[in-house]
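The chain is numbered in sequence order, starting from 1.
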Amino acid sequence: MENLGNLIEGFGHVLTPMNLLIALLGVTIGTAVGVLPGIGPAMTVALLLPVTYNLGPTQSLIMFAGIYYGGMYGGSTTSILLNTPGESSSVVTAIEGNKMAKAGRAAQALSTAAIGSFVAGTIATVLLVVVTPPVVQFAISLGAPDYFAVMLLAFVAVTAILGASRVRGFASLLIGLTIGVIGVDQTGQQRLTFGIPQLIDGIDVVVVAVGIFAVGEALWIAAHLRRKSGEVIPVGQPWMGKEDWKRSWKPWLRGTALGFPFGAVPAGGAEIPTFLSYITEKKLSKHKEEFGRGAIEGVAGPEAANNASAAGTLVPMLAIGLPTNATAAVMLAAFEQFGIQPGPLLFTRESTLVWTLIASLFIGNLLLLVLNLPLAPAWARLLRIPRPYLYAGIIFFASMGAYAVNAQPFDLFLLLALGLLGFGMRRFGLPILPLIVGLILGPHAELQGRRALQLSGGELHGLIGGWVSMLIYASILVVLLWPLIGRFVVRPLRGRLVTG
């Protein structure tokens with residue numbers, strides 16, 4: 001009941017004319033940028049992060065909630081009409097969605113994606129309200145050794161589980177940790193500043209996020225895609241017939257059930273639940289012959305799973321301060337630009353702000369549906385922007401946003417260097433998420449590790465606290481040794497069972 005009261009109070013802060021206008025503006029900008037080809041939610045959020053910089057914390061997070069959900073939805077329009085997913089979690093939507101569009105059912109595909117996003121986002125946000133407070137209560141009981149172990153697990157998870165290569169994942173993490181320690185440490189010593197005064201306070205995480213995501217992605221896509229805009233399939237007003245509703249509502253619910261838990265688990269991500277949703281719908285569908293040729297279930301389920309996963313990522317981010325995907329990592333940067341540190345104490349120190357953010361997620365999700373159903377044809381026209389103009393504009397606005405952070409020309413040089421770093425990482429297949437997680441969590445892991453060692457008088461056993469940290473270290477060991485376990489234990493055992 002206390003949480004319900006806090007949520008109602010949060011709605012009271014959101015439901016004012018100015019804040020509703022800001023929420024609508026956030027949803028509109030987020031969707032408009034997210035719709036553009038090759039621009040996923042993480043890049044959308046990073047690019048628009050400086051837009052919220054001059055607003056107060058409350059209004060900034062209200063706009064940010066709209067940008068977040070708008071950016072998440074925008075990728076589905078690109079996937080369906082252009083067969084160009086904004087990120088890996090939208091790949092499955094493109095499989096059936098683009099086939100539907102080519103068959104003249106673009107309106108139905110866009111409609112089931114929009115309504116499915118609304119249904120999944122609403123249910124997942126309700127689950128966020130229910131799940132997060134107990135997680136916070138558990139997190140409060142953790143000590144410095146436990147937090148240090150949790151952050152080590154996050155480092156290992158984003159490098160060893162995600163991506164095709166563990167070596168590349170750990171290389172990306174090392175780059176992020178290196179950038180994170182630039183500046184003055186807790187003892188007053190300068191690290192990696194090279195005598196440059198502007199680096200004494202470290203590199204602002206907003207500049208890093210915009211450089212790595214927006215500039216790096218813009219350089220990469222501009223270098224590889226055609227100079228002209230893609231051929232966009234015409235679309236009318238989105239609508240769904242009775243049969244479409246009948247075939248969509250169950251996939252929406254199943255996709256939500258799959259997406260939220262994966263989003264809430266560190267390193268879960270949205271890729272796995274979207275593929276699981278597609279496989280599930282293909283198995284359960286009464287119209288299996290349509291899969292591969294434009295089955296509406298193949299759009300409804302994965303799109304719901306994608307958006308439910310997006311809400312799920314807020315659970316560990318708000319409760320523990322752990323980002324589980326790239327978009328959540330950039331959102332963490334948004335909190336830190338106001339000096340707010342997500343974690344168990346956030347609900348105590350910034351209770352009003354947190355519940356206002358959660359309430360704005362409900363409002364933003366509703367505005368997203370109201371906005372996208374009538375404006376889908378307008379979003380489709382945005383896809384006709386010539387690529388040179390599009391990416392020149394992205395780099396221009398990214399530069400303006402980075403300069404606005406500290407009003408220092410030096411930040412523009414940093415932005416260019418980080419953009420080239422992001423371009424190089426994409427060129428050599430290094431994942432971006434470990435870098436961002438290392439950058440944000442690295443200093444916090446150092447702080448918790450120092451505290452744990454101080455409490456133990458410098459003894460290494462101080463890093464092992466109670467049963468929580470021991471369980472986490474055991475999990476880390478299993479993750480690191482899993483390739484060897486699979487090779488020398490699982491495969492021989494499987495071979496014996498087959499031959500036996």
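Residues Ile296 and Glu96 form no side-chain contact, since every pair of their non-hydrogen atoms from C-beta on lies 4.5 Å or further apart. Looking at Ile179 and Leu421, their side chains come closer than 4.5 Å, going by heavy atoms from C-beta outward. A 4.5 Å side-chain heavy-atom check between Leu177 and Phe155 finds at least one atom pair inside the cut-off. Between Leu415 and Ser399, some side-chain heavy-atom pair lies under the 4.5 Å cut-off. Leu357 is not listed as a side-chain neighbour of Ile62, based on a closest heavy-atom distance of 4.5 Å or more. Residues Ile203 and Asp411 have side chains not in contact (no heavy-atom distance under 4.5 Å, counting atoms from C-beta outward).
Looking only at distances, a side-chain donor or acceptor of Ser172 sits under 3.5 Å from a matching main-chain atom of Leu435. Not a single donor-acceptor pair under 3.5 Å links the side chain of Thr132 to the backbone N or O of Val129. The closest donor-acceptor contact from the side chain of Asn307 to the backbone of Ala120 lies at 3.5 Å or more, if one exists at all.
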Report task. Take Val27 and Thr31 through the side-chain contact (heavy atoms from CB on, under 4.5 Å) test and state the conclusion after the steps. Result -> CA-CA 6 Å; Val27 168; Thr31 306; 4.1 Å; yes
Query - Audit row: Thr93, Asn306, side-chain contact (heavy atoms from CB on, under 4.5 Å) steps and yes/no - result: CA-CA 9 Å; Thr93 302; Asn306 188 16; 5.6 Å; no
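Residue pairs meeting the salt bridge (charged side-chain N to carboxylate O under 4.0 Å, His left out) criterion with at least one partner in residues 105-118, sequence neighbours excluded, are Arg105-Asp244.
Under the rule for a ring-ring contact (aromatic ring centres under 6.0 Å, His included), the partners of Phe11 that lie at least two apart in sequence or sit in another chain are Phe362. Under the rule for a side-chain hydrogen bond (donor to acceptor under 3.5 Å, both in side chains), Thr256 has no partner lying at least two apart in sequence or in another chain. Glu297 is linked by a salt bridge (Lys or Arg N to Asp or Glu O under 4.0 Å) to Arg247, counting only residues two or more places apart in sequence or in another chain. Applying the ring-ring contact (aromatic ring centres under 6.0 Å, His included) criterion to Phe148, with sequence neighbours excluded, gives no partner residue. With sequence neighbours left out, the ring-ring contact (aromatic ring centres under 6.0 Å, His included) criterion links Trp245 to Trp252. Under the rule for a salt bridge (Lys or Arg N to Asp or Glu O under 4.0 Å), Glu350 has no partner lying at least two apart in sequence or in another chain. With sequence neighbours excluded, the residues forming a side-chain hydrogen bond (donor to acceptor under 3.5 Å, both in side chains) with Ser248 are Thr112, listed by chain and number. Evaluation of the side-chain contact (heavy atoms from CB on, under 4.5 Å) rule for Phe410 yields Ile196, Gln198, Leu199, Leu414 as partners, not counting sequence neighbours. Every side-chain hydrogen bond (donor to acceptor under 3.5 Å, both in side chains) that Thr193 has, sequence neighbours left out, goes to Gln190. Taking the side-chain contact (heavy atoms from CB on, under 4.5 Å) definition, one finds that Thr178 meets it with Leu174, Leu192, sequence neighbours left out. Shown here are the side-chain contact (heavy atoms from CB on, under 4.5 Å) partners of Leu258, two or more places apart in sequence or in another chain: Pro273, Leu276, Ser277, Thr280.
Gly169 and Pro434 make their closest contact through O-CB, 3.6 Å (heavy atoms, listed as atom of the first residue, atom of the second, distance). The nearest pair of heavy atoms linking Ala308 to Gly255 is CB-O, 4.4 Å. Taking all atoms of both residues into account, the shortest heavy-atom contact from Gly121 to Asn365 is C-ND2, 3.3 Å. Here the closest non-hydrogen pair linking Asn19 and His13 is ND2-O, 2.5 Å. Across all their heavy atoms, Leu418 and Ile212 have their closest contact at O-CD1, 3.4 Å. Here the closest heavy-atom approach between residue Leu361 and residue Tyr69 is recorded as O-CE1, 3.5 Å.
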